[in-house]
Amino acid sequence: MQHLKTYITFLLVLFGLTITVAQDTLQAQTRLTQDKLIEGENYVIDTIIDGQAYFKKTVEGLQPLPKILEDHKFASEIDKKWLEELYSNTLYDTIYRDVSDLKYDAVYYPELTTDTLKARLARLNARTPFNVEYNPGLESVIKSFLKNRHQSFERLMGLSNYYFPMFERELDNYDIPLEMKYLAIVESALKPRARSRVGATGLWQFMFATGKEYGLDVSSYVDERSDPIKATIAASQYLSKLYKLFGDWDLALAAYNSGPGNVSKAIRRSGGYQNYWNIRPNLPRETAGYVPAFLATMYIFEYAKEHGFVQHKPEFHLIETDTIHVKQMITLDQVSEYTGVEIETLQFLNPAYKLDVIPFIEGKNYTLRLPRNIIGAFVNNEDQLYAHAKAEFDKREKPLPQFLDSDTKTRYKVKQGDYLGKIARKFGVRVSQIKQWNGLRNNNLKIGQRLTIYPRNGVPVSQSKAVASVKKSTKPVNGKTYTVQQGDSLWSISQKFSGVSVQNIKDWNDISGTKLKPGMKLLVSKG
């Protein structure tokens with residue numbers, strides 16, 4: 001073996017020497033002294049040996065590289081500024097949905113002629129800083145949306161009555177075109193808890209690291225990427241910086257989707273163009289469809305009346321709500337019980353609280369958003385509210401172990417029309433408990449999905465009268481009764497009787513929810 005290695009080494013050395021000799025022979029044949037140069041030919045000095053200069057012909061068609069490679073000035077400035085701004089952070093990875101799969105084939109939609117569309121786009125272009133120019137691809141997207149998504153856009157228009165005022169206020173604070181509000185529709189369909197397959201979350205689809213960079217708190221209890229106002233402020237800051245980089249709102253939009261690096265590369269590949277429509281063929285596929293989807297959405301909202309859209313009325317307008325800073329940990333379930341506001345309403349108004357729990361942490365200002373007509377009563381009674389909440393926390397079972405060891409576990413199959421609040425009331429438990437028992441990160445359910453439930457007192461609230469008769473033994477005997485009046489709530493009734501809590505009334509009267517009807521008779525004391 002050793003002899004074989006020695007032999008191979010010898011061959012390699014010999015082979016190397018042979019190549020060197022051959023190269024030297026070839027170079028010697030191509031080197032020319034000055035007296036052998038032909039007039040009209042281009043030569044360069046190849047080498048100098050013993051003071052004698054030798055020349056060789058230059059190769060036609062190839063220009064020598066400069067000592068320093070020059071980049072495109074505008075694109076390189078973008079990269080430099082962006083690296084200074086956000087070098088170590090993950091860029092946005094938006095919720096693409098079907099934007100990347102947009103089809104640009106002609107769509108038959110006789111209700112909107114090409115000439116009418118051109119005229120409307122021209123008017124839209126005149127009043128917005130975005131470049132809204134007609135092209136067949138944009139016409140295809142607009143007509144496709146009008147033809148296939150009419151009902152979806154009507155629902156979005158209803159939600160927009162709640163969200164757009166808060167968007168416009170923050171966008172205006174950062175001198176961003178108010179039309180940018182339509183971006184949230186493309187990003188999340190106005191779902192504050194929307195989450196993409198890669199983890200981008202909220203109305204404006206922040207990734208975890210980028211959300212942190214822009215001051216959005218993410219913890220076990222709270223995800224401020226889902227907070228409509230805080231996330232809009234963060235998105236406004238980011239869009240403002242993108243505009244400073246590019247000086248163009250179309251390019252800022254493209255960068256919001258795929259990152260400034262992809263846009264600067266597209267500028268290079270297009271030969272230095274700085275217009276979105278010129279660099280579009282060089283952008284990632286999903287970004288190429290992103291701006292047309294945005295412009296189509298803008299057109300439909302701006303010309304909704306002309307296309308006969310009927311807006312669904314939202315449950316609330318922003319002006320009909322207000323916020324208060326919490327002074328102690330409290331759950332949305334407790335707030336619902338004390339105030340009579342539906343849990344689903346509280347979840348809609350407070351989407352940032354992942355487990356429906358509002359924590360109290362020193363140095364943090366967590367808020368509770370409520371209907372404006374409830375705010376005064378809450379503030380006026382907040383000491384008692386917090387006292388009851390604390391008492392309930394103190395006497396609760398040490399969360400899950402006791403529930404999980406129980407023999408009362410049941411499996412529930414989700415049906416058409418079910419939602420967490422409805423199921424929670426059916427079994428007399430809290431929404432947050434169902435989410436904990438089943439590892440749910442949001443409130444979304446699928447028909448046929450099976451849930452593990454640990455019913456209150458071991459049985460579903462809606463079981464037979466025989467079960468209900470067994471539970472009567474837990475009621476006070478010969479207790480005092482109260483007749484429910486118009487405007488009463490469990491909380492207001494509990495305040496009328498010393499030592500009686502909301503939970504007492506619910507237990508003594510087999511009540512699982514918070515709704516009361518005038519004329520109902522409730523047991524309110526142990527007699």
Side-chain angles (χ1 to χ4, degrees), residues 85-86 89 91-92 94-95 127-130 156-194 200-218 222-257 260 290-291 294-295 297-298 301-302 314-325 348-353 364-370 372:
E85 179 62 41
L86 203 62
N89 289 284
L91 297 176
Y92 290 137
T94 57
I95 189 166
R127 63 176 190 255
T128 176
F130 296 96
L156 287 169
M157 289 173 186
L159 280 172
S160 72
N161 288 323
Y162 176 74
Y163 287 113
F164 278 6
M166 64 178 81
F167 291 171
E168 290 173 341
R169 181 181 64 194
E170 304 307 334
L171 292 170
D172 181 62
N173 285 339
Y174 288 88
D175 293 326
I176 293 172
L178 299 187
E179 294 89 350
M180 195 66 80
K181 63 192 176 187
Y182 301 122
L183 179 60
I185 291 177
V186 179
E187 289 286 346
S188 64
L190 295 183
K191 293 181 179 179
R193 290 187 176 181
T201 300
L203 290 161
W204 299 94
Q205 289 294 283
F206 279 89
M207 292 296 287
F208 179 87
T210 316
K212 285 283 191 181
E213 172 68 18
Y214 283 88
L216 298 178
D217 182 29
V218 181
V222 181
D223 191 340
E224 290 183 343
R225 295 176 296 175
S226 294
D227 184 292
I229 293 178
K230 291 180 180 179
T232 303
I233 292 172
S236 299
Q237 293 171 344
Y238 183 56
L239 286 164
S240 178
K241 289 174 181 176
L242 289 175
Y243 181 72
K244 289 178 182 177
L245 281 176
F246 292 100
D248 180 276
W249 285 113
D250 292 332
L251 296 184
L253 267 179
Y256 189 96
N257 176 256
Y290 188 75
V291 175
F294 169 81
L295 295 176
T297 300
M298 183 195 302
F301 267 77
E302 295 292 328
E315 186 175 356
F316 292 101
H317 288 277
L318 182 63
I319 197 171
E320 296 172 334
T321 70
D322 202 354
T323 58
I324 54 176
H325 291 281
F348 173 78
L349 296 176
N350 300 275
Y353 302 113
K364 299 283 187 180
N365 289 317
Y366 293 126
T367 60
L368 169 66
R369 183 172 291 275
L370 291 169
R372 188 175 289 275

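Any value given below was found using the heavy atoms of this structure, including those in side chains, with hydrogens, waters and symmetry copies removed.
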Margin query: Under the rule for salt bridge (charged side-chain N to carboxylate O under 4.0 Å, His left out), what residues qualify as partners of R193, not counting sequence neighbours?
Written below: D356

Checklist line | Ion pair check, E224 and K230, cut-off under 4.0 Å | finding: yes

Check: Taking side chain as C-beta onward, heavy atoms only, is F130 less than 4.5 Å from M180?
Finding: yes

Check: Closest heavy-atom contact between P260 and L242?
Finding: CG-CD2, 3.7 Å

Check: Partners of D227 by salt bridge (charged side-chain N to carboxylate O under 4.0 Å, His left out), sequence neighbours excluded?
Finding: none

For residues 156-172, dump all side-chain donor-acceptor pairs below 3.5 Å to protein atoms at least two apart in sequence or in another chain.
{"residue": "S160", "atom": "OG", "partner": "M157", "partner atom": "O", "Å": "2.6"}
{"residue": "N161", "atom": "ND2", "partner": "Q311", "partner atom": "OE1", "Å": "3.3"}
{"residue": "E168", "atom": "OE2", "partner": "K181", "partner atom": "NZ", "Å": "2.5"}
{"residue": "E170", "atom": "OE1", "partner": "N173", "partner atom": "ND2", "Å": "3.4"}

Check: Going by atom types alone, do S188 and W204 pair a side-chain donor with an acceptor below 3.5 Å?
Finding: no

Note to self: Taking F206's backbone N and O only, do any of them form a donor-acceptor pair with T210's side chain (distance below 3.5 Å, no angle check)?
What the structure shows: no

Note to self: Nearest 0.5 angstrom please: L370 CG to D322 CG, how far?
What the structure shows: 8.5 Å

Check: How long is the span from the CE atom in M207 to the NZ atom in K212, to the nearest 0.5 Å?
Finding: 14.5 Å

Next item on the list: Tell me, please, which residues at least two apart from S226 pass side-chain hydrogen bond (donor to acceptor under 3.5 Å, both in side chains).
Entry: none

Note to self: Quick check: closest heavy atoms across T367 and Y353, and the distance to 0.1 Å?
What the structure shows: O-OH, 2.6 Å

Next item on the list: Would you please name every residue forming a ring pair (Phe, Tyr, Trp, His ring centres under 6.0 Å) with Y243, sequence neighbours left out?
Entry: W249

Checklist line | Between CD on residue E179 and CZ on residue F294, distance to nearest 0.5 Å | finding: 7.0 Å

Checklist line | Derivation of the side-chain contact (heavy atoms from CB on, under 4.5 Å) call for K241 and Y214 | finding: CA-CA 12 Å; K241 289 174 181 176; Y214 283 88; 3.8 Å; yes

Notebook entry, point to check: Taking atom types as modelled and ignoring hydrogens, do the side chains of T321 and R369 form a donor-acceptor contact shorter than 3.5 angstrom?
Noted result: yes

Notebook entry, point to check: Residues in salt bridge (charged side-chain N to carboxylate O under 4.0 Å, His left out) with D250, at least two apart?
Noted result: none

Margin query: Go through it in stages, so that I can follow the logic: the residues are V218 and F208, the test is side-chain contact (heavy atoms from CB on, under 4.5 Å), and I'd like the CA-CA distance, side-chain angles, deciding distance and then a yes or no.
Written below: CA-CA 8 Å; V218 181; F208 179 87; 3.6 Å; yes

Next item on the list: Could you tell me the separation between the NZ atom of K191 and the CD1 atom of I185, rounded to the nearest 0.5 Å?
Entry: 13.0 Å

Check: Passes side-chain contact (heavy atoms from CB on, under 4.5 Å), L183 versus Y290? Steps please.
Finding: CA-CA 10 Å; L183 179 60; Y290 188 75; 2.9 Å; yes

Checklist line | Pair V291-L295, side-chain contact (heavy atoms from CB on, under 4.5 Å): steps then yes or no | finding: CA-CA 6 Å; V291 175; L295 295 176; 4.0 Å; yes

Check: Which is it for N350 and Y366 under the side-chain hydrogen bond (donor to acceptor under 3.5 Å, both in side chains) test, yes or no, and what are the steps along the way?
Finding: CA-CA 10 Å; N350 300 275; Y366 293 126; over 6 Å; no

Check: Atom CG of N365 and atom CG of D217: how far apart are they, to the nearest 0.5 Å?
Finding: 11.5 Å

Margin query: Using 0.5 Å steps for rounding, measure from the CE atom of M298 to the OG1 atom of T128.
Written below: 4.5 Å

